[in-house]
Structures are given as structure tokens and as C-alpha cells.
Amino acid sequence: MTFRWGIAGTGRIASDFVRDFSAIEDGRVSAVGSRTSAGAEKFASSRNIARVHGSIADLAADPDIDIVYVAGIHPVHREHAVMMLEAGKHVLVEKPLAMSPSEVESIIEASRATGRFMMEAMWMRFNPLHVELKSRIDAGEFGPVEHIESDFTFEVPRDPSHRLFDPAKGGGALLDVGIYPLNLAWWWLGEPDSWSADGRLGPTGVDESVHMELEWRDGAKAVLTCGSTAPGPRTSTITCRSAVIRIDAPSHASPTATIEAHGTTERVVASAPGLHHQAREVQRCIAAGDTQSPRMPHAESLAISHFMDDVLASINGD
């Protein structure tokens, strides 16, 4: 079976997805939808995409599409994902899944009601390096994880109209990049038992930096940072009982890491990361008749959405 994909959106992440999708053997990008025909045609013309739709609704109505990658800005994720699910499409929704827990719940409910697959596109969880390291940790090779320090801080010129700084476009560092360190800690340690957070709001009212400290009942801790107006290390260090794992920058998309254990240093070099690894998981799950992935399940997307909502409320003094 060849899975037929549609792309809802024509921004940078949509372009990256189509680029990486060339590695998929049993799927093809068959159509793209945008707010205008001109935007869709421009995107499709240089990427060998056969069909263009001048609206997201037209893409949803396309009978020759099986799966849609929802790639627009954060505030449209819920609308576009629910529209596709109700039209009978499976969906992969760019992170964050939605702007709030209530929006996440509505997407999950639409997936449940329609029996269609839905997953948040947290591509870090599918990149080969992270999969290998997680597998080795789960096998007990390094002992339990005791501490995680992870950063995703980078510098973008402060422009009020840029999606990172415009509240109407879902601006803010936590939802855009802080979700990566948070997913790393959540994936490897589970939901924290306690936490604290502080951050800095910028002139437009969105969070421009966030510092989070998480703790678990077994004594494990995590220090997670993110920001959008200054350069940062963008590395991750995972301290286990008998090893220290250091993932090179940018750690959410790195193919390399160093493991110091038992007096030796191991250099780990994995296959290249990319957005196609999560696309393969989507196709695998659909072929198996599943409506969610065990690696990025609905309940975890919802729990992380609640957590980020609480963090932002704390920073805003709500």
C-alpha cells in the first residue's frame, strides 16, 4: 500500500517535511493546501506535488488523500486537525498539538469519534539517536536516570510581527522550543511529581525565556531551559547512576552523543535525524489499525499541554 499524504500549510516546517519525506518508500506527498491557490501553487511547483488546493477545506475534501500533515502556526492546529479527522483523514499535527489543553482534548475526541489516527509531531522521539539511547537506558545498561539538564535557547531578532513574538500567532518560547526539553524529561522519567518555574515576558507579552525545575518521588530531577532572544548551549546531559550521557547541539535533532561510563568514553553516532522517521511511525500505526502511537500517545500530549499551560500561568502570575 502507498499512503497518500496531504500537507496543510506552506511554511518552513512544511518545506522541511516534504524534503525529508523523500526517504519514505511506501508513501508520497500528493497534495498541498494553503490559504490561497497562489501559495499552494508556489509551494507545489518546486516540490513535484501534483495537486494544489486554495483552501484547507478543499484539501480536507480531497478524496485521494489518506493522511494530512497539519503544518500551520500553532493557533490553527485544532481547527485544521479536527477538520481533517472529520473528513476521514488521519493526521500528524505539528507540535505543539494545540494552544491549550481544551483544544488538545477536542482533537483527541475527534480522533476517537472518527476512528482515525492522530499524533503530535514530536520528531525528537523518533530520531535514531534518541531511540537508541532510550532503548539502552530502558534495558538498564546505565542504571536509572537521576538528573537531566536540557536547553533549547536560541536568538531571533525581536520582531513583534514574527510568529515567535506575536501572541495572535501563538508566540512564546515554551510552546515553540521549550516543548523539546520538556518532552525529553517526560519521555525518559514520566510525569513529574513537583515542579517550579520562572520566566521572562517580552514587550509583546509572550514568554521569551523559561526556566523549569522538575522533581520525581524517586529523587530524580531535571533542569530545563528555553528562550528565543539569546544564544544558548542547546545541549542535553543525562546523568544516570553509572553513566553520563551528553547529547550534542542541537540536542533535539542531533545524531551524536558521548557516554562516559565505567572509566571509558563511548562516542555514539546514529543515523541522520529527520522528519521522515515520525512519518514512518504514522504509516506503521495506521497499517496496524491503531489510532495513536505508543511513543507519543494522546494522554501524554494532553498531560504535557496541561503542564505547559500551568507553567505559563505561573509566569504570567495567574
Side-chain angles (χ1 to χ4, degrees), residues 2-24 27-99 103 106-107 110 116 118-123 154 156-172 175-177 179 204 206 228 253 274-276 278-279 282-283:
T2 298
F3 291 94
R4 303 165 299 179
W5 286 71
I7 310 295
T10 55
R12 181 190 59 80
I13 195 66
S15 178
D16 290 348
F17 185 85
V18 174
R19 177 201 65 205
D20 291 354
F21 197 87
S22 62
I24 299 291
R28 68 173 182 268
V29 176
S30 300
V32 60
S34 184
R35 292 173 296 170
T36 65
S37 294
E41 288 170 1
K42 181 179 179 181
F43 187 90
S45 63
S46 61
R47 296 172 177 84
N48 197 31
I49 299 174
R51 295 194 307 285
V52 300
H53 297 288
S55 73
I56 301 301
D58 286 349
L59 176 63
D62 188 331
D64 297 320
I65 293 298
D66 305 306
I67 313 166
V68 172
Y69 173 48
V70 175
I73 59 175
H74 311 340
V76 304
H77 288 180
R78 188 209 63 82
E79 177 189 355
H80 291 180
V82 171
M83 182 189 301
M84 297 302 164
L85 289 164
E86 291 180 345
K89 316 298 189 214
H90 306 283
V91 293
L92 173 66
V93 186
E94 183 50 39
K95 60 82 196 162
L97 185 53
M99 290 294 295
E103 289 190 355
S106 68
I107 298 173
R116 293 295 185 264
M118 186 280 291
M119 187 179 82
E120 182 176 16
M122 179 46 60
W123 65 300
F154 68 123
V156 175
R158 189 183 282 116
D159 175 359
S161 67
H162 191 284
R163 65 173 185 83
L164 278 170
F165 304 105
D166 185 350
K169 296 176 182 175
L175 291 181
D176 199 72
V177 294
I179 195 171
T204 61
V206 304
S228 57
L275 302 177
H276 57 291
Q278 62 186 346
V282 172
Q283 295 185 172

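Note that the numbering runs from 1 along the sequence shown for the chain.
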CG of Leu59 to CZ of Arg51, rounded to nearest 0.5 Å, is 9.0 Å
Can you list the residues that meet the side-chain hydrogen bond (donor to acceptor under 3.5 Å, both in side chains) rule with Arg47, with sequence neighbours excluded? Ser15
Salt bridge (charged side-chain N to carboxylate O under 4.0 Å, His left out) partners of Asp20, counting only residues at least two apart: none
Heavy atoms of His77 and Pro96 approach each other most closely as ND1-O, 2.7 Å
Which value, rounded to the nearest 0.5 Å, describes the distance between Leu97 atom CG and His74 atom NE2? 11.5 Å
Output a table of donor-acceptor pairs, distance under 3.5 Å, between side-chain atoms of residues 81-92 and any protein atom two or more places apart or on a different chain; print 'none' if there are none.
{"unit_1": "Lys89", "atom_1": "NZ", "unit_2": "Ala60", "atom_2": "O", "d": "3.4"}
{"unit_1": "Lys89", "atom_1": "NZ", "unit_2": "Asp62", "atom_2": "O", "d": "2.5"}
{"unit_1": "His90", "atom_1": "ND1", "unit_2": "Phe117", "atom_2": "N", "d": "2.9"}

Can you tell me how far apart NZ (Lys95) and CD (Gln278) are? Round to the nearest 0.5 Å. 11.0 Å
Got a second to check how far His162's NE2 is from Thr204's OG1, nearest 0.5 Å? 11.5 Å
Spatial distance of atom OG1 (Thr2) from atom CD (Gln283) [nearest 0.5 Å]: 8.5 Å
If I take atom CD1 from residue Ile73 and atom CE from residue Met99, how far apart are they, to the nearest 0.5 angstrom? 9.0 Å
Set of residues satisfying salt bridge (charged side-chain N to carboxylate O under 4.0 Å, His left out) with respect to Asp58, sequence neighbours excluded: none
Does any pair with a residue in residues 41-61 pass ring pair (Phe, Tyr, Trp, His ring centres under 6.0 Å), and if so which ones, sequence neighbours excluded? none
Please report, to 0.1 Å, the donor-acceptor pairs under 3.5 Å made by any side chain of residues 163-172, with sequence neighbours excluded.
{"unit_1": "Arg163", "atom_1": "NH1", "unit_2": "Asp176", "atom_2": "OD1", "d": "2.6"}
{"unit_1": "Asp166", "atom_1": "OD1", "unit_2": "Ala168", "atom_2": "N", "d": "3.0"}
{"unit_1": "Lys169", "atom_1": "NZ", "unit_2": "Ser161", "atom_2": "O", "d": "2.6"}

What residues, two or more places apart in sequence or in another chain, satisfy ring-ring contact (aromatic ring centres under 6.0 Å, His included) together with Phe17? Trp5, Phe21, Tyr69
Does Asn48, at its CG atom, have more than 12 non-hydrogen atoms belonging to other residues, nucleotides or ligands within less than 6.0 Å? no
Using a 3.5 Å cut-off and no angle test, enumerate the donor-acceptor pairs between side-chain atoms of residues 27-36 and protein atoms at least two apart in sequence or in another chain.
{"unit_1": "Arg28", "atom_1": "NE", "unit_2": "Ser30", "atom_2": "OG", "d": "3.2"}
{"unit_1": "Thr36", "atom_1": "OG1", "unit_2": "Gly39", "atom_2": "N", "d": "3.0"}

Check whether any side-chain heavy atom of Glu120 lies under 4.5 Å from a side-chain heavy atom of Ile107, and answer yes or no. no
Tightest non-hydrogen contact, residues Ala8 and Val68, listed as CB-CG1, 3.9 Å
Using the test ring-ring contact (aromatic ring centres under 6.0 Å, His included), find all partners of His276 that sit at least two apart in sequence or belong to another chain. none
